[in-house]
Enquirer: 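Here it is, the structure in full.
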Amino acid sequence: MNILDDEKDKLLDHEYDGIRELDNHMPVWWLWLFYFTIAFGVGYVFYYEVFEWGPDQHEEYELEMAAAAEKYKSDEEPAAAASFEWAYSDDAAIIDKGKEIFMGMSNLCFTCHGNAGEGLVGPNLTDDYWLHGCSAEELAKSITEGFPDKGMVAYGSGAPMSNEDVNAVISYIGSLQGTNPPNPKAIDEARAVQCSAN
Ligand code: HEC
């Protein structure tokens, strides 16, 4: 075996299957990294476990849930939505407002119901076939409660709107009735309720 001069002193006296080891020092950068992880670990334990300055994972969860509840809290009480007078409006300004919401990134209606309401993942909103009814009240219920098990969460995307805004969207949908947009989603059996919105 060829051994360089300065390696003689470092050679450990054990040998396994003809393999011998040098007693080399760990690289300095590696050692510092190692010391750093130890110091970090000690700091971590004191910060989170001993002095409890930082929130643990349960507290962090509670904080995030509280923040989300605050962020998505509806200004309207559900009771107020129930007593709101839902109605199709043919006021052009209200219908425009509804279209803006339908096409907006906050509620994403168009992504599932198509740019012209022709239906995509969600049903066609322009024809006479409905799954959940076509009265203004029934549409309000469909929109404010959604169908989470079918992929539509409340308000389309979970971002609540005022009753006025919901009513504007309803009015916009009403204005789409009988527009026969291209590429309509096929009428499926389940859409049993035949009626005309507005
Ligand atoms: C992630 C996809 C998705 C988004 C976003 C979405 N919907 Fe829906 N929507 C659906 C699906 C799927 C259904 C069918 C539910 C069922 O099968 O019972 C539906 C049903 C409906 C219905 C009832 C239709 C009927 O035939 O009775 C209305 C009204 C409606 N959506 C309006 C809206 C409006 C308004 C928005 C935006 C605020 C919106 N949707 C956003 C997927 C979506």
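Order of appearance sets the numbers: ligands from 1, and atoms from 1 within every ligand.
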Enquirer: Relative to the heavy atoms of Ser142, which atoms of ligand 1 are at a distance of less than 4.0 Å?
Expert: 22 (C), 23 (C), 28 (C), 29 (C)

Enquirer: Test: side chain to side chain donor-acceptor pair (under 3.5 Å). Region: residues 47-67. Which pairs qualify, not counting sequence neighbours?
Expert: none

Enquirer: Side chain, backbone, both or neither: which part of His113 has a heavy atom under 4.0 Å from ligand 1?
Expert: side chain

Enquirer: If we check side chain to side chain contact (heavy atoms under 4.5 Å, CB included) with Asn167, which of these qualifies: Asn163, Ile170, Val169?
Expert: Ile170

Enquirer: Using heavy-atom distances only, which candidate in Cys112, Gly158, Pro148, Gly98 approaches atom 43 (C) of ligand 1 most closely?
Expert: Cys112

Enquirer: Please report the C-alpha distance between Ser89 and Asp91 in whole Å, then the side-chain angles of each, then the deciding distance to 0.1 Å, and finally whether the side-chain hydrogen bond (donor to acceptor under 3.5 Å, both in side chains) criterion is met.
Expert: CA-CA 5 Å; Ser89 165; Asp91 180 323; 5.1 Å; no

Enquirer: Which heavy atom of Ile143 sits nearest a heavy atom of Met161, and at what distance?
Expert: CG2-CE, 4.1 Å

Enquirer: By number and element, which atoms of ligand 1 are closer than 4.0 Å to a non-hydrogen atom of Tyr155?
Expert: 38 (C)

Enquirer: Tell me the contacting part of Leu131 for ligand 1: side chain, backbone, both, or neither, using a 4.0 Å heavy-atom threshold, strictly below.
Expert: both

Enquirer: Considering all heavy atoms of both residues, which atom of Gly158 and which atom of Pro160 are nearest to each other, and what is their separation?
Expert: O-CD, 3.1 Å

Enquirer: Return the orientation label for the Trp30 and Phe34 ring planes: parallel under 30°, perpendicular over 60°, tilted otherwise.
Expert: parallel

Enquirer: Of the non-hydrogen atoms in Met103 and Phe110, which two are nearest, and what is the gap between them?
Expert: O-CE2, 3.3 Å

Enquirer: Does Cys109 approach ligand 1 within less than 4.0 angstrom via side chain, backbone, both or neither, non-hydrogen atoms only?
Expert: both

Enquirer: Specify side chain, backbone, both or neither for Phe147, according to which of its non-hydrogen atoms lie closer than 4.0 Å to ligand 1.
Expert: side chain

Enquirer: Does the N or O separation between Thr111 and ligand 1 drop below 3.5 Å for any pair?
Expert: no

Enquirer: Counting only nitrogen or oxygen atoms and a 3.5 angstrom limit, does Gly151 reach ligand 1?
Expert: no

Enquirer: Only heavy atoms count here, so choose which of Ser106, Pro123, Gly104, Gly122 is nearest to atom 14 (C) of ligand 1.
Expert: Pro123

